[in-house]
Amino acid sequence: TPVQVETFYDSIWNRGDLGAASELLTDAFVFRGSLGAELQGREAFLAYVRAVRFALADYHCEILACVAEGDRAFAQMRFSGRHVEVFRGFPPTGRPVHWLGAALFQFEGPAIARLWVLGDLLGLEAVLRANQAS
């Protein structure tokens with residue numbers, strides 16, 4: 001549901017509350033992130049969260065729109081942060097970065113069982129290149 005999607009992004013991604021994963025995600029959670037990683041299980045997903053939040057300070061996921069039907073929800077997303085560590089092969093600039101994405105959630109009861117996120121990586125890399133040049 002949109003409330004579960006909002007809780008997921010606000011708790012885990014925006015606030016960095018990794019402990020919330022035990023309530024929000026199934027044990028066998030399957031995740032394909034906007035940066036291309038395909039992972040299975042909560043621990044693998046949390047390692048991904050840590051890596052992104054390490055490279056991008058002030059990391060934030062903004063839900064632009066969200067619709068739900070049955071056991072699925074779809075969200076239009078904007079991801080952003082400040083580039084403070086090596087990210088996608090680019091050295092840090094301390095400058096803001098952002099990219100758009102779309103997230104498809106599948107639920108088992110109240111928990112998220114699967115999440116597939118498609119990110120605009122060409123747009124992200126254009127921002128990273130522009131930041132390197134200036």
Side-chain angles (χ1 to χ4, degrees):
T1 68
V3 170
Q4 289 160 301
V5 171
E6 187 175 318
T7 301
F8 168 79
Y9 281 116
D10 185 53
S11 297
I12 295 173
W13 285 106
N14 295 345
R15 288 190 286 126
D17 178 6
L18 304 186
S22 62
E23 295 176 19
L24 298 172
L25 310 176
T26 63
D27 290 337
F29 177 63
V30 177
F31 175 75
R32 184 191 185 284
S34 70
L35 301 174
E38 191 160 334
L39 310 166
Q40 184 151 8
R42 275 191 216 127
E43 287 310 310
F45 167 70
L46 292 175
Y48 177 90
V49 171
R50 285 184 199 97
V52 172
R53 289 177 51 84
F54 178 73
L56 301 177
D58 309 319
Y59 187 72
H60 186 76
C61 299
E62 178 185 1
I63 300 169
L64 303 175
C66 186
V67 294
E69 183 175 318
D71 68 346
R72 296 179 190 258
F74 180 80
Q76 179 185 11
M77 301 297 305
R78 182 177 190 275
F79 308 107
S80 61
R82 193 167 37 84
H83 185 189
V84 296
E85 296 291 338
V86 173
F87 183 65
R88 298 199 55 82
F90 289 86
T93 61
R95 304 185 99 185
V97 299
H98 66 275
W99 68 101
L100 298 174
L104 178 61
F105 291 80
Q106 183 176 358
F107 301 93
E108 287 179 6
I112 301 165
R114 300 180 72 84
L115 174 55
W116 191 86
V117 186
L118 180 63
D120 176 11
L121 298 183
L122 289 177
L124 170 59
E125 289 182 5
V127 170
L128 291 166
R129 272 194 300 281
N131 285 352
Q132 296 291 309
S134 52

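Everything numeric in this text was worked out from a predicted model, so none of it was measured. Both backbone and side-chain heavy atoms feed into the values below; hydrogens, waters and symmetry mates do not.
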(request) Report yes or no: does Q4 contribute a side-chain atom to a donor-acceptor pair with the main-chain N or O of L24 at less than 3.5 Å? (result) no
(request) Using the side-chain contact (heavy atoms from CB on, under 4.5 Å) rule, pick out the option among L18, L25, L39 that qualifies with L46. (result) L18
(message) To check you understand the geometry: which heavy-atom pair defines the closest contact between N131 and P96, and what is its length?
(response) ND2-O, 3.0 Å
(message) Please give me the minimum heavy-atom distance between R42 and A21, naming the atom from each residue.
(response) NE-O, 3.4 Å
(message) Tell me which pairs pass side chain to side chain donor-acceptor pair (under 3.5 Å) where either residue lies in residues 80-93, with sequence neighbours left out.
(response) D58-R82, R88-E125
(message) If the condition is side-chain hydrogen bond (donor to acceptor under 3.5 Å, both in side chains), which residues does W13 pass it with, not counting sequence neighbours?
(response) none
(message) On a heavy-atom basis, which atom in A113 and which in T26 lie closest, and how many Å separate them?
(response) CA-OG1, 3.5 Å
(message) If hydrophobic clusters are built from ILVMFWY residues whose side chains come within less than 4.5 Å, do F8 and V3 share one?
(response) no
(request) Look at the side-chain heavy atoms of Ile, Leu, Val, Met, Phe, Trp and Tyr, link any pair under 4.5 Å apart, and say whether Y48 and F29 land in one connected group. (result) yes
(message) Is any side-chain heavy atom of E69 closer than 4.5 Å to one of F74?
(response) no
(request) Side-chain contact test, heavy atoms from C-beta onward, threshold under 4.5 Å: evaluate it for I112 versus F31 and give yes or no. (result) no
(message) Which heavy atom of I12 sits nearest to which heavy atom of R53, and what is that distance?
(response) O-CD, 4.2 Å
(request) Starting at CG of D27, measure out to CD of Q40 and round the result to the nearest 0.5 Å. (result) 11.0 Å
(message) Quick check for you: to the nearest 0.5 Å, what is the distance between C66 atom SG and Q76 atom CD?
(response) 10.5 Å
(message) For L115 versus A103, what's the shortest heavy-atom pair and its separation?
(response) CD1-CB, 3.9 Å
(request) Please answer: with hydrophobic residues joined when any side-chain heavy atoms are less than 4.5 Å apart, are L118 and V97 in the same cluster? (result) no
(message) Using 30° and 60° as the class boundaries, would you call the ring planes of Y9 and F79 parallel, tilted or perpendicular?
(response) tilted
(message) Test of understanding: clusters of I, L, V, M, F, W, Y form through side-chain heavy atoms closer than 4.5 Å, transitively. Do V117 and L35 belong to the same one?
(response) yes
(message) A side-chain contact here means heavy atoms from C-beta on lying under 4.5 Å apart; do L56 and F87 qualify?
(response) yes
(message) If I compare all heavy atoms of Q132 with all of P91, which pair ends up nearest, and what's the gap?
(response) NE2-O, 2.7 Å
(request) Measure the spacing between OG of S34 and CG of D120 and express it to the nearest 0.5 Å. (result) 10.0 Å
(request) Give the C-alpha distance, both sets of side-chain angles, the deciding distance and a yes or no for side chain to side chain contact (heavy atoms under 4.5 Å, CB included) between I63 and M77. (result) CA-CA 5 Å; I63 300 169; M77 301 297 305; 3.8 Å; yes
(message) Rounded at 0.5 Å granularity, tell me how far CZ in R32 sits from CG in L104.
(response) 12.0 Å
(request) Working to the nearest 0.5 Å, report the span between OG of S11 and CD of E6. (result) 9.5 Å
(message) Once side-chain contact (heavy atoms from CB on, under 4.5 Å) is applied, do any residues pair with D71, and if so which ones, sequence neighbours excluded?
(response) Q106
(request) Determine, using the 4.5 Å side-chain heavy-atom cutoff (strictly less than), whether W116 and F107 are members of one ILVMFWY cluster. (result) no
